[in-house]
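What follows is one structure encoded as structure tokens, with my remarks underneath.
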Amino acid sequence: MVVLCKKTMLLTLVSALLLVSLSVSCLAELQRFEHSAKADGSLSFLVIGDWGRRGLHNQSEVALQMGIVGEKLDIDFVISTGDNFYDDGLTGVDDPAFHESFTDIYTAPSLQKQWYNVLGNHDYRGNVEAQLSPVLTKMDSRWICLRSFILNAGPEMAEFFFVDTNPFVDKYFIDPKDHVYDWKAILPRKNYIKNLLMEVESALRESIAKWKIVVGHHTIKSAGHHGNTDELAIHLLPILQAYDVDLYINGHEHCLEHISSTESPIQFLTSGGGSKAWRGDVKWWNPQEMKFYHDGQGFMSVQMTQTEVDIKFYDVFGNVLHKWSTSKQLSSAM
């Protein structure tokens, strides 16, 4: 009863906030992509983040292990949690970094699948439109990158909601230091954020997928160098809680991390160990919530069916460091 009341309060709060937003501009739908499951109805994919360093800082070593695991699991696609090209994104569609950090690095046969990418803060320091351009997809058909979008996989088994988290972070606007960000399509920022929240809320409300997974660059909960992103905890998290999101997957922290929550069933999963890591500054976290933390390079795999999700974290040598599984009934009782 307490859980139901809390969820009702969240739905009321979210609805009130979004009704106010409707007075600003009309609701637009996020672009959708479809990805079929395997013949047996299962789905498997890898998650990598914070990687694009022309093979340096063990990026090539992580890519090698991704290829091995990808073949073993017969993956269907790869998700990138952003910071695709260091240090300052791409200069244009002809920037050699696209080939030197992506095409020429992830060469394993198992990784020649679709890559679904979001943008990180380092990507916004370059020419954002270059990463979003269909020109890159023509050069490497694996590449799909949008600010925010939805991936239907299954169908109706899993729905992935890719969210552009960069505009939420105040410090990029208030104190950008010596960095220059490409905010051309973001401004006015307040309207952009309100519209995005409306789009995400609407899509989650209408979703009939068995599993709901949200992907963004920035953390919501983290014990790492950057810590929690308070702006996402305020604006995005209540929507995820209200609509029973199962997983929130992010990068930004150059580590691997799994945090649960005492407030909801959401699992917070960080896969940002695609290249440079080993920051060494880990904050204390409630042991009841902290399931796993690896201050180093690596990646994550997810295998799922209509009833089960299995997650594994791997280090730069391909060793499995952490496993977690959950299940749901095939159909809910009426």
Side-chain angles (χ1 to χ4, degrees), residues 45-73 75 77-128 130-133 135-145 179 217 224-226 249-257 270-280 294-301 312-321:
F45 58 93
L46 302 182
V47 183
I48 186 73
D50 305 81
W51 42 269
R53 297 183 187 273
R54 293 178 167 85
L56 301 177
H57 296 282
N58 284 340
Q59 183 193 0
S60 294
E61 285 73 13
V62 173
L64 174 64
Q65 296 302 327
M66 287 175 64
I68 295 170
V69 173
E71 181 176 0
K72 180 179 179 181
L73 301 183
I75 62 168
F77 54 84
V78 179
I79 288 176
S80 168
T81 57
D83 277 0
N84 306 316
F85 302 100
Y86 284 97
D87 279 325
D88 299 314
L90 296 178
T91 58
V93 294
D94 57 350
D95 191 331
F98 180 71
H99 296 286
E100 295 170 357
S101 290
F102 178 62
T103 302
D104 298 343
I105 300 298
Y106 302 101
T107 57
S110 68
L111 303 181
Q112 307 309 303
K113 305 292 177 67
Q114 207 70 63
W115 283 55
Y116 298 100
N117 306 273
V118 292
L119 298 167
N121 52 298
H122 283 268
D123 300 311
Y124 264 100
R125 295 177 190 174
N127 184 335
V128 171
Q131 286 201 50
L132 307 180
S133 174
V135 173
L136 296 189
T137 307
K138 289 181 180 179
M139 290 193 288
D140 192 321
S141 61
R142 295 177 292 173
W143 185 262
I144 290 181
C145 185
H179 303 302
H217 177 63
H225 175 77
H226 295 294
I249 299 175
N250 62 270
H252 196 46
E253 297 283 20
H254 296 186
C255 67
L256 306 174
E257 186 174 21
T270 297
S271 183
S275 58
K276 188 176 182 180
W278 305 111
R279 286 189 177 276
H294 175 61
D295 191 19
Q297 293 124 342
F299 58 99
M300 185 176 84
S301 73
K312 294 180 182 178
F313 286 90
Y314 306 81
D315 67 12
V316 67
F317 305 107
N319 299 313
V320 176
L321 302 178

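Computed from a predicted structure; not experimentally measured. Atoms considered below: every heavy atom in the structure, side chains included; atoms not considered: hydrogens, waters and symmetry mates.
Closest approach of Ser110 to Gly67, counting heavy atoms only: OG-O, 2.7 Å. Minimum interatomic distance between Gly92 and Ala130 (heavy atoms only, all atoms of both residues): C-CB, 3.5 Å. What you find for Ser275 and Gln59 is that their closest heavy atoms are CB-CB, 3.8 Å. Across all non-hydrogen atoms, the minimal contact from Ala63 to Leu111 is O-CD1, 3.9 Å. Closest heavy-atom contact between Ala277 and Gly296: CB-C, 3.6 Å. Closest approach of Gly52 and Ser101 over heavy atoms only: C-OG, 3.6 Å.
A 4.5 Å side-chain heavy-atom check between Met300 and Ile249 finds at least one atom pair inside the cut-off. When side chains are defined from C-beta on, His294 does not count as touching Phe313, because their heavy atoms never get closer than 4.5 Å. Two residues are said to be in side-chain contact when any heavy atoms from C-beta on lie closer than 4.5 Å; Leu256 and Ser271 meet this criterion. Two residues are said to be in side-chain contact when any heavy atoms from C-beta on lie closer than 4.5 Å; Val78 and Tyr106 fail this criterion. Between Trp143 and Asn84 there is a side-chain heavy-atom pair separated by less than 4.5 Å. A heavy-atom distance below 4.5 Å is not found between the side chains of Asp95 and Asn127. Put simply, the side chain of Val118 does not reach to within 4.5 Å of the side chain of Ile79, judged on heavy atoms. Using a 4.5 Å cut-off on side-chain heavy atoms (C-beta onward), Val62 and Val316 make contact.
Remark: Ile48 CD1 to Gln65 CD distance equals 11.5 Å, nearest 0.5 Å. Phe45 contributes atom CZ, which lies 10.5 Å from atom CD1 of Ile75 (distance to the nearest 0.5 angstrom). With values rounded to the nearest 0.5 angstrom, Asp295 atom CG is found 11.0 Å from His254 atom NE2. To the nearest 0.5 Å, atom CZ of residue Arg54 and atom OH of residue Tyr86 are 13.5 Å apart. Atom CH2 of residue Trp51 and atom CD of residue Gln297 lie 15.5 Å apart, to the nearest 0.5 angstrom. Taking CG of Asn117 as the reference point, atom NE2 of His217 lies at 12.5 Å (rounded to 0.5 Å).
A donor-acceptor pair under 3.5 Å is formed between the side chain of Asp50 and the backbone N or O of His252. The backbone N or O of Ser141 lies less than 3.5 Å from a partner atom in the side chain of Gln114, making a donor-acceptor pair. Within the 3.5 Å criterion, the main-chain N or O of Phe85 finds a donor-acceptor partner in the side chain of Asp123. Glu253 places a side-chain N or O within 3.5 Å of a backbone atom of His225 that can act as its donor or acceptor partner.
Considering Phe77, Tyr116, Trp115 in turn, Tyr116 is the only one that fulfils the side-chain contact (heavy atoms from CB on, under 4.5 Å) rule with Ile144.
Seen from the ring of Phe102, Arg142 counts as a face-on cation partner, given the 6.0 Å and 45° thresholds.
Atom NZ of Lys276 has 12 or fewer neighbouring heavy atoms from other residues, nucleotides or ligands inside a 6.0 Å radius.
A side-chain N or O of Thr270 and one of Asn250 form a donor-acceptor pair less than 3.5 Å apart.
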